[in-house]
Amino acid sequence: MIRLGDLTEQQRARYGWTMLVVGTVAMAVGVIVVHYANLPQSQAVGGAFGWIPRGWFPKSIGYLIAFGASQLLVVGAAIAFLLGRPLTWAGAAFGAFLAWMELVIIFAIVPSEWLNLSQTDLDWSATRIAVTIPPWLVLGNQVDISYEAVKDIISMGYNGTMLVVGAVFVYKFRDIIGPSPAQVEKPEKISPYGRPLVRSDS
């Protein structure tokens, strides 16, 4: 497992700032793609970004680019400004701000944008039937599953998965950011007389 605690100061600065720069550029690209893909088909757009296609698929690609960029920004800021530094009140406040931003992105912005996309561009409403269960499986009754139910199932599955991923991340957090066991100096054993204990094989 790669341990971030093993990185040198130069590596932390290089990786962190690279992620921040790449994340900023990718966020701009994602926002531009989402904006132009969301324009109505009837509206003619020229200029540098007129080539971006319209519709839900390029808009979804823009959302994915923006989400990846947000993760690069959060992780890059944590590596560049927090990793390997002594914890101060300012550092703790900045770390709490990054954690709050990550929770807002994962559990607020992403589900909200998914609901907006599925209800508007995809038109996953209660009136559209996604699956009809064969009658012989439900005692001869007609049971239809609408696209609205599929939308809610996807949303519920995403939130449940993110809760599990978050719990695993918190459990493994120390192993990820801490130094490897080989680099941890073991405390020297001291005898009751104040001298280091030395094992003798003779």
Side-chain angles (χ1 to χ4, degrees), residues 1-7 12 15-35 37-38 55-85 87 91-126 128-131 133 145-180:
M1 176 190 295
I2 297 176
R3 295 177 182 270
L4 296 177
D6 294 341
L7 299 177
R12 289 194 294 267
Y15 295 158
W17 281 102
T18 300
M19 294 172 80
L20 285 171
V21 171
V22 173
T24 302
V25 174
M27 181 63 74
V29 171
V31 169
I32 289 172
V33 170
V34 170
H35 172 73
N38 198 38
W56 67 269
F57 186 72
K59 186 177 178 181
S60 302
I61 298 297
Y63 277 140
L64 291 176
I65 294 172
F67 175 73
S70 70
Q71 300 310 290
L72 285 175
L73 289 171
V74 171
V75 175
I79 292 175
F81 301 119
L82 296 177
L83 185 65
R85 299 175 183 270
L87 191 60
F94 184 68
F97 174 71
L98 287 180
W100 173 78
M101 277 183 43
E102 181 68 5
L103 292 174
V104 168
I105 291 170
I106 296 295
F107 292 107
I109 295 177
V110 172
S112 174
E113 292 303 322
W114 161 246
L115 293 178
N116 287 336
L117 179 69
S118 60
Q119 291 173 351
T120 56
D121 297 78
L122 299 178
D123 190 24
W124 284 12
S125 62
R128 296 184 62 198
I129 303 303
V131 177
I133 299 178
I145 299 177
S146 66
Y147 276 99
E148 184 180 43
V150 174
K151 170 198 68 178
D152 293 336
I153 290 170
I154 293 174
S155 181
M156 182 179 64
Y158 165 81
N159 285 290
T161 302
M162 288 298 108
L163 282 173
V164 173
V165 170
V168 172
F169 175 77
V170 170
Y171 179 73
K172 288 290 189 180
F173 184 70
R174 271 284 161 214
D175 295 335
I176 296 172
I177 68 167
S180 60

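Since we're looking at a predicted model, the values are computed, not measured. The figures that follow rest on heavy atoms only: side chains count, while hydrogens, waters and symmetry mates do not.
- Partners of Thr120 according to the side-chain hydrogen bond (donor to acceptor under 3.5 Å, both in side chains) rule, which considers only residues two or more places apart in sequence or in another chain, do not exist here.
- Taking every heavy atom of both residues into account, Pro111 and Ile106 meet most closely at CD-O, 3.3 Å.
- Among residue pairs with one or both ends in residues 25-35, none qualify as side-chain hydrogen bond (donor to acceptor under 3.5 Å, both in side chains); sequence neighbours excluded.
- Checked against salt bridge (Lys or Arg N to Asp or Glu O under 4.0 Å), Arg85 has the following partners two or more places apart in sequence or in another chain: Glu9.
- Each salt bridge (Lys or Arg N to Asp or Glu O under 4.0 Å) pair with one or both residues in residues 23-33, not counting sequence neighbours, would appear here, but there are none.
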Which atom pairs, one a donor and one an acceptor, fall under 3.5 Å between side chains of residues 61-84 and the rest of the protein, sequence neighbours left out?
{"residue": "Tyr63", "atom": "OH", "partner": "Glu113", "partner atom": "OE1", "Å": "2.7"}
{"residue": "Ser70", "atom": "OG", "partner": "Phe67", "partner atom": "O", "Å": "2.6"}
{"residue": "Gln71", "atom": "NE2", "partner": "Glu102", "partner atom": "OE1", "Å": "3.4"}

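- For Asn38, the side-chain hydrogen bond (donor to acceptor under 3.5 Å, both in side chains) partners are Lys59, not counting sequence neighbours.
- Here the CE-CD1 distance, from Met162 to Ile105, works out to 12.5 Å after rounding to the nearest 0.5 Å.
- Applying the ring-ring contact (aromatic ring centres under 6.0 Å, His included) criterion to Tyr158, with sequence neighbours excluded, gives no partner residue.
- Residues passing the side-chain contact (heavy atoms from CB on, under 4.5 Å) test with Ala149, sequence neighbours excluded: Ile145, Ser146.
- Within the structure, no pair that satisfies the salt bridge (Lys or Arg N to Asp or Glu O under 4.0 Å) test touches residues 147-157, not counting sequence neighbours.
- Residue pairs meeting the side-chain hydrogen bond (donor to acceptor under 3.5 Å, both in side chains) criterion with at least one member in residues 24-34, sequence neighbours excluded, do not occur.
- By the ring-ring contact (aromatic ring centres under 6.0 Å, His included) test, Trp124 is found to be paired with Trp114, Tyr147, residues two or more places apart in sequence or in another chain being considered.
- A search for side-chain contact (heavy atoms from CB on, under 4.5 Å) contacts involving Val104 returns Trp100, Ala108, Ile109, not counting sequence neighbours.
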